[in-house]
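Dropping a structure here in structure tokens format, bear with me for questions.
In what follows, chains carry the letters A, B, and so on, assigned in the order in which the sequence lines appear, proteins first and then strands, with residues in each chain numbered from 1.
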Amino acid sequence: MSKTDTTENTSSALVSAPSQGSSVRLTGWLILIVAAAAIASQMRWDWIMDYYPLLWRGLVTTIILVIVTSVLGLLLAIPIGLVQVVGPFWLAWPAKAFCTVIRGTPLLLQLWLLYYGLGSLFPQFPWIRQSELWPILRQAWPYAVLGLTMSYAAYEGEVLRGAFAGVGKDQLDAGRSFGMSERQIFRRIWLPQAVRRAMPTLAGETILQLKATPLVATITVLDVYSAAAQVRQSTYLTYEPLLLISAIYIIISLGILKIFSRFSSSKQVRLAG
Amino acid sequence: MSESEGNASTEAIHAEQIHKRFGALEVLKGVNLSARKGDVVAIIGGSGSGKSTFLRCLNCLDHPTSGSLRINGEEVRFKPDGHGDLAPASRQQIRQLRSRLAMVFQNFNLWQHRTLLENMIEAPVHVLGVPRKQAIEEGKRLLDRVGLNDKHDAYPAFLSGGQQQRAAIARALAVDPLAMLFDEPTSALDPELVGEVLKVIQSLADEGRTMILVTHEMAFARDVATRVVFFHNGVVEEEGPPSEFFSNPQSERLQKFLSNFN
Ligand SMILES: Nc1ncnc2c1ncn2[C@@H]1O[C@H](COP(=O)(O)OP(=O)(O)OP(=O)(O)O)[C@@H](O)[C@H]1O
Ligand SMILES: [Mg+2]
């Protein structure tokens with residue numbers, strides 16, 4: 001829902017920003033720090049000590065959610081993208097349908113359908129209630145992980161479809177002409193080149209994934225947003241908790257960019273055509 | 001295959017009655033061509049006459065529709081591929097044969113995500129199973145040989161076309177091929193870069209490498225080839241040693257074709 005067509009522009013702008021001049025960045029930071037100090041001194045922050053464990057738990061949940069669902073989602077996105085480029089229609093078609101449906105409906109709706117729909121369907125089957133998995137299925141987080149993973153897989157499946165198709169057939173033929181197996185060609189040429197093409201977009205998409213995580217609060221998962229919401233309810237403070245988690249989201253975003261820029265700068269590549 | 005069985009030790013490539021069809025278009029209409037070890041066979045011919053397609057059939061990048069193929073005395077086993085063409089019957093065999101026929105492409109086709117040195121060791125290490133350290137030594141030596149001493153760690157996209165093509169030739173040499181297949185190696189280059197690549201190919205001919213070379217560089221073909229073959233419309237229209245081929249062309253089509261280059 002929060003992911004739009006501008007993703008590519010946004011993300012490449014974000015990724016290239018650090019290289020465009022550290023003085024701009026420095027000035028930005030300075031303004032931010034001064035403003036933050038001015039505001040902060042006018043506000044109440046004593047609650048942080050009391051609610052520190054709750055916020056910490058929420059923060060850890062948010063970070064784990066982003067990492068786990070992005071990694072799982074990407075692993076799913078690879079075959080989803082690939083079969084749309086080379087697969088037979090009976091694989092390509094469902095993959096396309098999956099992407100279209102997931103990308104075409106709000107993530108909030110998907111989470112609710114999973115949690116309130118699937119989650120309330122399960123108990124009606126005794127064999128599920130008696131299974132080993134039941135203690136897990138009774139909780140909310142599996143549905144959050146599933147929903148966010150599917151969302152990431154659908155968006156990144158689409159990104160990777162384009163990236164796979166964009167790798168020149170010549171590159172693969174060169175591998176074949178030296179006797180590489182199709183598997184080696186995929187693992188050693190096609191996949192790495194596709195991922196490298198997709199990297200700038202993936203960085204932006206992962207930040208969007210982070211910003212989608214507060215939705216899990218609506219299915220009772222305690223992430224950093226819902227921790228802040230609890231603080232607001234019990235302290236009647238309006239802005240302070242929201243400002244705190246805004247800062248937290250910014251820091252995590254910067255961390256994500258840092259991780260991705262490390263990936264792509266470790267191999268300084270300009271992919272031709 | 002019986003008639004030339006006796007030459008098996010000197011024969012590198014033997015293609016017989018190669019046909020290739022793309023849908024309704026028959027691109028190759030029964031091409032016969034063979035090369036002995038040490039031969040440099042230059043293939044010339046007009047655009048669309050099937051030169052590239054023939055080269056790609058030799059290592060089965062394109063599946064021939066019919067015909068037979070013998071590489072280094074070994075018959076390539078085919079089976080129907082379900083689309084009306086012949087696919088290699090044994091993946092094992094075709095991979096092994098491909099690794100013995102190194103190809104140099106018109107557009108270089110160096111792997112863009114790897115440095116030159118990484119390009120060099122890819123096939124030796126992952127196809128032939130050469131120890132990595134040895135492949136690196138050899139890769140460096142070959143890059144130096146084609147004059148890329150200072151470019152081992154450069155990515156292909158940062159190099160000129162001439163440098164990329166020289167690297168691509170070095171990459172082909174790295175598998176110590178039985179024969180090398182060149183598909184218009186200088187056609188994508190700026191005129192001032194053609195010479196440096198031809199010089200490398202010349203040096204390979206001088207050391208007795210077996211090569212099949214599709215080219216539009218007539219003067220070069222004349223210098224370097226042991227035999228020249230003229231493709232027209234999917235068949236070998238005329239062939240012969242370069243001296244006769246160029247000074248005394250028999251067929252009218254070849255005469256007309258050659259007149260374009262004078
Ligand atoms: N994959 C393909 N699918 C359909 N047609 C093809 C394919 N590859 C080649 N052709 C056709 O086969 C014919 C011969 O092509 P080929 O590339 O072998 O010619 P060529 O002699 O190499 O020409 P050039 O000098 O322009 O490189 C052309 O008409 C081309 O359009
Ligand atoms: Mg061609």
Side-chain angles (χ1 to χ4, degrees), chain A residues 15-16 19 78 81-82 85-90 159-160 162-203 260-273, chain B residues 52 55-56 58-63 88 91-115 118-129 153-159 161 164 167-168 171-177 180-183 188:
Chain A
V15 170
S16 56
S19 60
I78 290 170
L82 189 66
V85 180
V86 287
F89 78 95
W90 49 269
V159 169
L160 283 177
F164 277 123
V167 175
K169 199 173 160 296
D170 286 353
Q171 292 284 308
L172 314 181
D173 270 350
R176 282 184 198 112
S177 77
F178 281 101
M180 292 171 79
S181 66
E182 290 303 313
R183 219 180 115 151
Q184 284 177 318
I185 289 167
F186 176 72
R187 278 204 19 240
R188 304 195 54 81
I189 303 173
W190 207 4
L191 181 63
Q193 289 201 15
V195 168
R196 233 148 272 188
R197 276 169 183 276
M199 206 53 105
T201 314
L202 289 183
F260 273 91
S261 76
R262 175 150 310 164
F263 268 124
S264 32
S265 68
S266 71
K267 286 268 161 84
Q268 251 305 324
V269 198
R270 203 176 58 191
L271 287 171
Chain B
S52 299
L55 225 51
R56 290 170 60 85
L58 287 181
N59 60 8
C60 295
L61 283 183
D62 281 338
H63 294 169
R91 263 184 263 176
Q92 189 64 34
Q93 185 195 32
I94 197 61
R95 286 180 51 194
Q96 208 235 326
L97 290 179
R98 280 173 175 172
S99 70
R100 309 288 291 123
L101 297 177
M103 195 157 197
V104 176
F105 299 84
Q106 184 170 350
N107 295 311
F108 334 129
N109 297 7
L110 291 168
W111 293 301
Q112 298 286 321
H113 62 306
R114 303 215 186 279
T115 64
E118 287 167 349
N119 265 278
M120 298 298 297
I121 67 173
E122 184 70 23
V125 171
H126 296 280
V127 178
L128 302 179
D153 298 320
Y155 283 95
F158 293 96
L159 302 178
Q164 287 191 57
R171 176 177 70 170
L173 287 170
V175 294
D176 189 20
M180 300 176 77
L181 312 177
F182 291 84
D183 190 0

Give a yes or no on whether the backbone of B:Arg114 and the side-chain of B:Asn119 come within a donor-acceptor separation of less than 3.5 Å.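 Yes, the answer is positive, given that a donor and an acceptor are paired below the 3.5 Å cut-off.
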Rounded to the nearest 0.5 Å, what separates atom CZ in A:Phe260 from atom OG1 in A:Thr201? 10.0 Å
Chain A contact via B:Leu101 - which portion, at a heavy-atom distance below 4.5 Å: backbone
Could you state the interatomic distance from CG (B:Leu181) to OG (B:Ser52), rounded to the nearest 0.5 Å? 11.5 Å
Go through the structure and list residues passing side chain to side chain contact (heavy atoms under 4.5 Å, CB included) with B:Ala174, not counting sequence neighbours.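 By the side chain to side chain contact (heavy atoms under 4.5 Å, CB included) rule, B:Ala174 matches B:Met120, B:Pro124, B:Leu142.
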Does NZ or CZ of A:Arg188 fall inside the cone over B:Trp111's six-membered ring, less than 6.0 Å from its centre and within 45° of the axis? no
Quick one: which residues of residues 180-187 of chain A reach chain B at under 4.5 angstrom, heavy atoms only?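 Interface residues of residues 180-187 of chain A: A:Met180, A:Ser181, A:Gln184.
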Please state whether the side chain, the backbone, both or neither of B:Arg56 comes within less than 4.5 Å of a heavy atom of chain A.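 Contact with chain A involves the side chain of B:Arg56 alone.
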Stepwise side-chain contact (heavy atoms from CB on, under 4.5 Å) check, B:Leu159 with B:Phe108: CA-CA 11 Å; B:Leu159 302 178; B:Phe108 334 129; over 6 Å; no
Would you say the side chain of B:Pro88 lies within less than 4.5 Å of the side chain of B:Gln93, judging by non-hydrogen atoms? no
Please classify the contact between B:Gln96 and chain A as side chain, backbone, both or neither, with a heavy-atom cut-off of under 4.5 Å.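 Neither; nothing under 4.5 Å.
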Measuring heavy-atom distances to chain A, does B:Asn107 have an atom under 4.5 Å in its side chain, in its backbone, in both, or in neither?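 It is the side chain, since no backbone atom gets that close.
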Measure B:Leu110 against the heavy atoms of chain A and call it side chain, backbone, both or neither at under 4.5 Å.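 Backbone only.
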Does the side chain of B:Asn59 come under 3.5 Å of the side chain of A:Ser177 through a donor N or O and an acceptor N or O?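 No donor-acceptor contact under 3.5 Å links the two side chains.
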